[in-house]
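Remarks on the structure that follows.
Reckoned from all heavy atoms, side chains included, excluding hydrogens, waters and symmetry mates.
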Amino acid sequence: MSSEGIMGEPLPFEERIVPASHSGKVVDPKSYFELHRAAVEDLEGFWGRVAEELEWFRKWDRVLVPGEHPNVYRWFVGGEINVSHLCLDRHVRTWRRNKVAIIWEGEPVDERGQPRERRVLTYFDLWRLVNRIAHALRRLGVSRGERVAIYMPMVPELPAVMLACARLGAVFTVVFSGFTGENLAMRMRDLGARYLITADGFYRRGRVIELKKIADEAIRLYDGIRKVVVVSRLGADVPMTDGRDVFLDDLLAEVPVNAYVEPERMTCDEPLYVLYTSGTTGKPKGIIHDHHGYSVLLHATMKWVFDIRDEDVYFCTADIGWVTGHSYVVFGPLMEGATIVMYEGTPDYPAPDRWWSIVERYGVTILYTTPTAVRMLIRFGDEHVKRHDLSTLRLIHSVGEPINPSAWRWLYEVVGGGRCPVGSTWWQTETGGILISHAPGLALVPLKPGTNGPPLPGIEVDVVDEQGRSLPAGSKGFLVIKRPWPGMLAPPTGMWGDPEGYNRVYWSRFPGVYYTGDYAIRDEDGYIWVAGRADEVLKVAGHRIGTYELESALVAHPSVAESAVVGVPDEVKGEAPVAFVVLKSGHQPSGELKAELMRWIRERYGPIMVPREVVFVRALPKTRSGKIMRRLLRAVLMNAPLGDVTTLEDEATVEEIKTAYEELRRQIR
Ligand code: ATP
Ligand code: MG
């Protein structure tokens, strides 16, 4: 394949894998793209037909109309719908009424390592609970358009509260329960929240996290909260402020068991929720999603990407605090009437086989997880996987970062037993749902380790150069989206309260198209390979290379668990790579290993790409959603300010890296 700036063989463009036992349709990329083109050419007709499959209170008049602000689009104008109705009411009228909606497992285990707590909710149970919570919230004054912050752990009440807010038409923002009070306050302030729903606490890696105390700190920093509703997860005695704080249980005690709250008939201009991005590249952005286009995209992707069926047991390991949890733990699967598994705690508690034991215990058929988790689990060794019967799995996807081909192979072979399609679904908080992915439920094209696959039908993407010109296959460039899609940042302003920011961030780099901020390659089959963030591309002696490509090469070395590469200015080459490396357990840093890793890169990418330094560290700085924050590494190397660190998971990692790097510099001097 012709390729500008690619030396060696970075990514397996030519590999083609079709899992033997995939029962759906398998097609070659050419015929897939025929189907794809037909959808893009009749965009409104195509999405209109998908939307027909949902239940609308009132059908739309127009599929797609420009909104009030530039580049804000209104989808299914004139239509009235409510996602809470789609996820619940629709099912309780059918045989799914008694189908299991949620299997929940708490983190604590007994002496034999067995989970102490399990809760099972049918669709009818969940519908009852959501109606009663909506009833209670309405009594407290929550109504259509009201702003509610939700700061809760992974318990069934979290999806129930989200669905109750949706039912009432209140705009909610879920704040990840691992965030500090300051993080919570910042998001509540930006949204103008007047209600906060939280919990007394929860279990994480065997410890009790006192969530209510952190919530109280946030309320001290932001004084806009009128009422605080507290879910009792631990049954703990927590400080309650008179007149402001109330336990959900006490509220529900006053609500009739059969309370019914009619779902509001939402219009396309009313937000469902606001969610703040992960903050990997800077300050988090408040992204708006609607009931309309968002539901249509989730319905489509649950069918195409997850091939969801009634007999499935679906386990998405994401925390609901992230967009993956919103779209693919809560709204997407419940809309399809699926049975979901929800787990409270960490994958390595009490041992690194917790997820595999969950897959075995409930017969999970579909697994959706992240590369960070996969790399961590690889580090612990295969024996934890092999101890469990994972034969029920039939489909695996990952999301959040590029998946290194070596991590992909591990998922495919060790976890999926070579049977299941394994994909890497590309999307963003902003896109609402998956846009680039294999679609085993529609027509599977052959898999390639590490690729995202082709864009989904109705999604027109391109890879362009600095001037916005479309690039040929094999060239690396910027990933853009050329046509609006349902599920995109929604009215009224795309970004909450900031229509100018919305246009600046997403629509000004290349006028008329949506800029993703990601760097990608399209191969000759039309598959997209997202190679990391556009601002994380190195230009070494005139050659462009995604930091991710060098990282993938390093991770493919038997001693390396994780790696992050950043560029530093270099007088000769313009920019030179510096590699940070975390070793697998059982391997020690040494001069020899460093030399070997440099040789390893030289063999694969030639002498130009050999890192100027290889720095061994214990951990990499990551966001709380598990993404590597390369900008912090660069800041350390450049001795520059760190910038926004509110979403950093563990501040100690940055300090440690500073020390490691200074030590190294002393040695060099
Ligand atoms: P911020 O925008 O605040 O810097 P973020 O971009 O990390 O944070 P998210 O919306 O959670 O916030 O992440 C979306 C980004 O994650 C994508 O733009 C892309 O860089 C990366 N990503 C997600 N899925 C994949 C995937 N399957 N392959 C490659 N990259 C992915
Ligand atoms: Mg982003």
Side-chain angles (χ1 to χ4, degrees), residues 67-69 72 83 133-134 136-152 158 161-177 179-198 211-212 214-230 241 243-246 264 266-279 282-291 294 320-323 326 429-430 432 489-505 644 646-647:
E68 196 187 323
H69 294 280
V72 176
V83 75
I133 294 175
L137 291 178
R138 195 166 59 186
R139 268 196 195 161
L140 284 187
V142 176
S143 60
R144 193 159 169 163
E146 182 60 80
R147 275 104 49 218
V148 180
I150 302 175
Y151 182 55
M152 281 177 66
L158 172 52
V161 161
M162 292 160 78
L163 288 162
C165 287
R167 204 169 183 87
L168 296 170
V171 183
F172 62 86
T173 192
V174 179
V175 180
F176 173 53
S177 61
F179 275 141
T180 60
E182 200 187 315
N183 283 300
L184 171 61
M186 187 268 269
R187 286 163 179 74
M188 292 196 296
R189 186 177 302 115
D190 192 74
L191 186 71
R194 300 202 307 165
Y195 292 80
L196 171 63
I197 307 176
T198 185
L211 201 63
K212 173 64 164 59
I214 310 173
D216 283 339
E217 267 169 54
I219 298 170
R220 272 194 291 279
L221 296 170
Y222 164 69
D223 65 3
I225 295 296
R226 299 177 151 187
K227 289 275 176 208
V228 180
V229 177
V230 182
T241 301
R244 187 195 72 189
D245 301 356
V246 53
E264 293 290 320
M266 305 305 287
T267 68
C268 71
D269 294 312
E270 292 170 289
L272 164 63
Y273 66 77
V274 174
L275 181 65
Y276 293 82
T277 59
S278 297
K283 190 172 179 291
K285 305 169 276 277
I287 307 302
I288 306 177
H289 286 298
D290 61 348
H291 288 250
Y294 182 67
I320 292 175
W322 311 119
V323 74
H326 283 58
T429 308
E430 293 88 338
L489 307 93
T493 50
M495 252 160 82
W496 182 255
D498 192 4
E500 290 81 27
Y502 168 66
N503 275 285
R504 190 176 60 246
V505 176
D644 189 286
T646 50
T647 63

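Rounding to the nearest 0.5 Å gives a distance of 8.5 Å between OG of S177 and CG of L158. Here CG of L196 is found 10.0 Å from OH of Y222. Values are rounded to the nearest 0.5 Å. Residue M186 holds its CE atom at 12.0 Å from CG of L191, rounded to the nearest 0.5 Å. Between the CZ atom in R187 and the CG atom in L275 there is a gap of 8.5 Å [rounded to 0.5 Å]. Atom CD of E217 sits about 8.0 Å away from atom OG1 of T180, to the nearest 0.5 Å. Between the CD1 atom of I287 and the CG atom of L489 there is a distance of 4.5 Å, given to the nearest 0.5 Å.
Side-chain contact between P499 and V72: absent, with no pair of heavy atoms (C-beta onward) separated by less than 4.5 Å. The closest side-chain heavy-atom distance from V323 to S278 is not below 4.5 Å. Side-chain contact between D290 and L272 is absent, with no heavy-atom pair separated by less than 4.5 Å.
The closest donor-acceptor contact from the side chain of R189 to the backbone of L221 lies under 3.5 Å. Not a single donor-acceptor pair under 3.5 Å links the side chain of Y195 to the backbone N or O of L137. In this structure a side-chain-to-backbone donor-acceptor pair under 3.5 Å is present from K227 to G243.
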Next on the checklist: Applying side-chain contact (heavy atoms from CB on, under 4.5 Å) to V228 and T241, what does each step give before you reach the verdict?
Outcome noted: CA-CA 9 Å; V228 180; T241 301; over 6 Å; no
Next on the checklist: side-chain contact (heavy atoms from CB on, under 4.5 Å), that's the test. Do E500 and H69 meet it? Break it down for me.
Outcome noted: CA-CA 9 Å; E500 290 81 27; H69 294 280; 5.7 Å; no
Item to check | Stepwise side-chain hydrogen bond (donor to acceptor under 3.5 Å, both in side chains) test for T267 and D269 | outcome: CA-CA 5 Å; T267 68; D269 294 312; 4.8 Å; no
Item to check | Worked check of side-chain contact (heavy atoms from CB on, under 4.5 Å) between I133 and V161 | outcome: CA-CA 7 Å; I133 294 175; V161 161; 4.3 Å; yes
Next on the checklist: Could you go through M162 and I320, starting from their C-alpha distance and side-chain angles, then the distance that decides it, and tell me whether this counts as side-chain contact (heavy atoms from CB on, under 4.5 Å)?
Outcome noted: CA-CA 10 Å; M162 292 160 78; I320 292 175; 3.5 Å; yes
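Partners of F176 by ring pair (Phe, Tyr, Trp, His ring centres under 6.0 Å), not counting sequence neighbours, listed by chain and number: F179, W322. Looking at residues two or more places apart in sequence or on another chain, you find no ring pair (Phe, Tyr, Trp, His ring centres under 6.0 Å) involving Y151. Scanning for ring pair (Phe, Tyr, Trp, His ring centres under 6.0 Å) contacts around H289 gives Y273, Y294, with sequence neighbours left out.
Of all heavy-atom pairs spanning I288 and P492, the tightest one is CD1-CD, 4.3 Å. The heavy-atom pair separating V83 from A166 by the smallest distance is CG1-CB, 3.7 Å. Nearest heavy atoms, V174 versus G321: CG1-CA, 3.9 Å. The heavy-atom pair separating P271 from P491 by the smallest distance is CG-O, 4.2 Å. Nearest approach of A149 to M188, heavy atoms of both residues: CB-CG, 3.7 Å. Closest approach of L184 and A215 over heavy atoms only: CD2-CA, 4.0 Å.
Partner of V171 under the side chain to side chain contact (heavy atoms under 4.5 Å, CB included) criterion, chosen from R147, E270, E146: R147.
Using a 4.0 Å cut-off between charged nitrogen and carboxylate oxygen, K212 and D216 count as a salt-bridge pair.
The closest side-chain donor-acceptor pair between D190 and Y276 falls under 3.5 angstrom.
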